[in-house]
Amino acid sequence: MRVATVVGNRPQFVKAAAVSPLLRERHEEILVHTGQHHDEELSDIFFEELALAAPEHRLEIAGGTNSFQLGRMVAELDPLLGRIEPDLVLVYGDTNSTLAGALAAADRGIGVAHVEAGMRSFDRSQPEERNRVLTDQLSALLLCSTASAASQLEREGVPGAVVVVGDVMVDVALALRERALERTDVLERYGVEPGGYVLATAHRPATVDDPLALERLVELLEAVEGPVILPLHPRSLARLEHHHLYARAAAAASLTSPLGYVEFAALLHHARAVLTDSGGVQKEAYIAGVPCVTLRERTEWGETVAAGWNTLVGLDAGAAVAALARTPPAERPPLWGDGDAGRRIVAALEAYAAAA
Ligand code: UDP
């Protein structure tokens with residue numbers, strides 16, 4: 001079986017790390033990096049730390065509006081897939097690279113397999129939600145993290161085959177847990193004690209693109225009892241600087257460059273709580289047993305909220321402070337499988353290719 005995997009940004013490198021090495025044990029994988037995230041801090045370090053094979057193809061497409069980026073990616077993926085002639089195209093999550101891979105493959109009549117299919121925030125104003133819905137409609141094989149995601153796809157009447165495989169981020173979190181726990185040197189660097197700080201991330205367009213939202217984010221950071229460590233996504237750094245809010249943010253939190261997976265996981269495991277607008281970080285907080293306060297009105301990972309470990313506060317500073325003071329429940333049932341999602345995905349791809 002020959003699989004072309006299309007990835008382009010940080011969370012996709014993490015997710016691919018759960019599948020790619022297993023796939024390569026028995027099959028041919030051709031990794032295509034669209035270039036959406038292309039620098040050392042958001043890309044290269046993940047390939048090194050997670051032992052991902054170097055991409056066979058790099059498209060170097062970054063910047064511009066979502067539509068511009070998507071259009072360029074599809075235009076370049078189309079002839080490339082024509083040359084590679086894969087049996088399947090594998091895509092992850094909810095970014096422009098995900099949808100571009102799905103569109104280009106579907107147009108060539110190549111089956112699309114989508115990892116994290118069926119997740120919904122039910123907020124179509126988020127580009128990620130639109131990418132998820134459209135990719136699922138185009139996919140031949142929908143690989144779900146949960147049974148409720150599979151039920152959602154059934155309700156939407158997707159034409160492809162739906163398989164519940166668990167969540168690949170569990171595989172990676174468990175595989176690197178010990179390495180992360182050992183890295184207490186990272187806490188020393190920021191002068192914090194285990195359980196004595198909040199780890200924050202914020203990069204989604206809804207949080208950082210609108211100057212009023214960005215100011216509310218800064219006010220929220222100012223209201224939270226620290227210390228707060230905030231590894232800044234380049235997008236957020238640029239917006240804070242542009243709107244002259246950087247100094248206030250820096251007074252409210254320890255701002256750092258984006259961290260590699262292991263250093264970030266080290267800070268996450270030892271944090272008192274996590275404050276984030278990320279999808280993946282909500283999951284990782286749950287897996288690590290760290291309460292999460294999510295800077296959004298809606299989430300595609302609603303089961304973490306239902307379990308009492310995640311609170312949605314939007315950009316409401318008072319609600320964030322109150323949520324951070326809550327004690328999490330004693331129970332934390334496993335939600336996304338046992339760390340075996342990568343193996344299940346390879347098996348599902350094999351079954352699909354055999355039947356095709
Ligand atoms: N992450 C990281 N370093 C950081 C911030 C996040 O390694 O400084 C990792 C995090 O552990 C998770 C992934 O990046 O695995 C989440 O990516 P992001 O928040 O960019 O995307 P989303 O999950 O919102 O799509």
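In each ligand, atom 1 is the first atom listed, and ligand 1 is the first ligand listed.
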Could you check atom 21 (O) of ligand 1 against the protein and tell me its nearest heavy-atom contact, residue, atom and distance included?
Pro11 CG, 3.3 Å
Please tell me whether Asn131 and Thr98 have a donor and an acceptor in their side chains that are separated by less than 3.5 angstrom.
no
With heavy atoms of Phe46 as the reference, note each atom of ligand 1 found under 4.0 Å away.
2 (C), 7 (O)
Atom 16 (C) of ligand 1: the protein heavy-atom neighbour that sits closest, reported with distance to 0.1 Å:
Ser278 OG, 3.9 Å
Side-chain donor-acceptor pair present, Glu303, Ser148, cut-off under 3.5 Å
no
Give me the residue, atom name and distance of the protein heavy atom closest to atom 6 (C) of ligand 1.
Arg10 CZ, 3.5 Å
Evaluate the side-chain proximity of Arg189 to Arg183: yes if any heavy-atom separation is below 4.5 Å, no if none is.
yes
Using a 4.0 Å cutoff against the non-hydrogen atoms of Pro258, which atoms of ligand 1 qualify?
8 (O)
Please work out whether any backbone atom (N, CA, C, O) or any side-chain heavy atom from C-beta onward of Pro231 is under 4.0 Å from ligand 1, and answer side chain, backbone, both or neither.
side chain
Looking only at the side chains, is there a donor atom on one of Glu350 and His27 sitting less than 3.5 Å from an acceptor on the other?
yes
Which heavy atom of Val192 sits nearest a heavy atom of Pro227, and at what distance?
CG1-CG, 3.8 Å
Record the part of His233 in heavy-atom contact with ligand 1 below 4.0 Å; permitted values are side chain, backbone, both and neither.
neither
Donor-acceptor pair, side chain of His114 and main chain of Gly93, under 3.5 angstrom
yes
Hey, are the side chains of Ser145 and Trp301 touching, using non-hydrogen atoms and a 4.5 Å cut-off?
yes
For atom 23 (O) of ligand 1, closest protein heavy-atom neighbour
Gly280 N, 2.7 Å
Which of the numbered atoms in ligand 1 are under 4.0 angstrom from any heavy atom belonging to Gly260?
7 (O)
Would you mind reporting whether Tyr286 and Arg332 have side-chain heavy atoms less than 4.5 Å apart?
yes
Closest to atom 3 (N) of ligand 1 among protein heavy atoms sits Leu259 O, 2.7 Å
What do we get for Phe264 next to ligand 1 when only non-hydrogen atoms under 4.0 Å count, side chain, backbone, both or neither?
side chain
In the protein, what heavy atom is nearest to atom 11 (O) of ligand 1, and what distance, to one decimal place, separates them?
Glu284 OE1, 2.6 Å
Can you give me every donor-acceptor pair (side chain of residues 44-51, partner residue at least two apart or in another chain, under 3.5 Å) with its distance?
unit_1 : atom_1 : unit_2 : atom_2 : d
Glu49  : OE1    : Tyr261 : N      : 2.7
Glu49  : OE1    : Val262 : N      : 3.2

of all protein heavy atoms, closest to atom 24 (O) of ligand 1 is Arg204 NH2, 2.7 Å
If you measure from each heavy atom of Met169 to ligand 1, is any distance below 4.0 Å?
yes
